[in-house]
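Reminder, nothing fancy here: chain letters follow the sequence lines and each chain counts from 1.
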Number of protein chains: 2
Amino acid sequence: MSKLLKLEEVKKCPAEFVLAVNDTLNVLSGKWKLPIIGTLLFGRKRFKEIQNGIPRITPRMLSKELKDLEVNGIVTRTVYNTIPVTVEYELTTSGSSLDPVMDAMITWGLEHRKRVIGNTNSL
Amino acid sequence: MSKLLKLEEVKKCPAEFVLAVNDTLNVLSGKWKLPIIGTLLFGRKRFKEIQNGIPRITPRMLSKELKDLEVNGIVTRTVYNTIPVTVEYELTTSGSSLDPVMDAMITWGLEHRKRVIGNTNSL
DNA sequence: GTAAGCACTATACTAAAGTATACCGGTATA
DNA sequence: TATACCGGTATACTTTAGTATAGTGCTTAC
């Protein structure tokens, strides 16, 4: 397998296609992933800073989701042994490079709203 | 508000940004949405055809997800009064235009796999 | 008249995701 | 000594997502 596959070729291969899209979807799925990633797009932040930036999130969920993002290689967790300890979270390369995916989603979401939700006056 | 917003401007507006990305995410989230959309990318299909194309899906879930996709404007449902009735599902403009989003996801997913899952030999 | 196919629906269940509330050890401040 | 901040964890709960299994009304095929 060559080190760089063209998109067109991948699309002919449903297995790899599905795996890759699923990876992306899994990383972003859940109620709080997007707010967290969004917050970290503005730079590294501490636990409480993230929590304060996201209105109704509980520490349990924030902790859980940050762990999730960490094991998935989206954020890094750095502990400084200050007194008391300071913990900072930061997006990895993978995390930051979600930007084009988000862009595509924004574009689609806006277009879709114009087409559908604009017509029917629901939601 | 002008009829066409530049992406850069939208990004400065967290509310609209989050709404649009959430729309996209909601449309794609769930275990069976992607397989269903994927199947329909190859053209309009009947209920049983979709079911046969997606290994372990139950008619309940297929029915539920198709309804979901329909009310979200991703697929259309057409009933032909043949004997017995024929029902066909087809992607709408919005449904078909998910392509660039998927492309972005494939690209990110593949890159991410190379970076992370390639390193640690897990999953 | 029995069975099978189509396009589903109904009921009941399990599992996963998310919430609420309280608490931990350490430190520093009043 | 009492309170509060930091970065969380523990326990119990509710809600949502998904599964299992059976059945519906209609029709044609045997």
Quick one: [X] [atom1] to [N] [atom2], roughly how many Å, whole number?
| X | N | atom1 | atom2 | value |
| --- | --- | --- | --- | --- |
| A:Met61 | D:dA10 | CE | P | 16 Å |
| B:Arg44 | C:dA7 | CZ | P | 14 Å |
| A:Asp68 | C:dG18 | CG | C1' | 13 Å |
| A:Ile54 | C:dG18 | CD1 | C1' | 15 Å |
| B:Leu62 | C:dC6 | CG | P | 13 Å |
| A:Gln51 | D:dG7 | CD | C1' | 9 Å |
| B:Glu70 | C:dA7 | CD | P | 15 Å |

Quick one: is [N] close enough that its OP1 or OP2 comes under 4.0 Å of any side-chain N or O from [X]?
| X | N | answer |
| --- | --- | --- |
| B:Lys31 | C:dA16 | no |
| A:Arg77 | D:dG8 | yes |
| A:Tyr89 | D:dG8 | yes |
| B:Arg56 | D:dT19 | no |
| A:Thr58 | C:dA20 | no |
| A:Ser63 | D:dG8 | no |
| A:Lys64 | C:dA17 | no |

Among [options], which is the nearest nucleotide to the side chain of [X]?
| X | options | answer |
| --- | --- | --- |
| A:Glu65 | C:dG18, D:dG18, C:dA28 | C:dG18 |
| B:Lys48 | C:dA7, D:dG7, C:dT27 | C:dA7 |
| B:Phe47 | C:dA7, D:dG8, C:dA28 | C:dA7 |

Taking all atoms of both residues into account, what is the closest heavy-atom pair of [X] and [Y], and its distance?
| X | Y | result |
| --- | --- | --- |
| B:Ile106 | A:Phe17 | CD1-CD1, 3.2 Å |
| B:Ala104 | A:Ala104 | CB-CB, 3.9 Å |
| B:Lys33 | B:Val27 | CD-O, 3.5 Å |

| message | Any N or O donor-acceptor pair under 3.5 Å from the base of C:dT19 to the side chain of A:Arg60? | response | yes
| task | Give, for atom CG of A:Leu91 and atom CD1 of A:Ile36, the distance between the pair rounded to the nearest 0.5 Å. | result |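 Taking CG in A:Leu91 and CD1 in A:Ile36, the distance rounds to 10.5 Å.
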| Can you list the steps and then say if A:Lys67 with A:Glu70 is a salt bridge (charged side-chain N to carboxylate O under 4.0 Å, His left out)? | CA-CA 5 Å; A:Lys67 253 176 214 151; A:Glu70 201 192 347; over 6 Å; no
| remark: Walking DNA chain C from its 5' end, the first of A:Pro59 and B:Thr86 to be reached, judged by nearest nucleotide, is B:Thr86
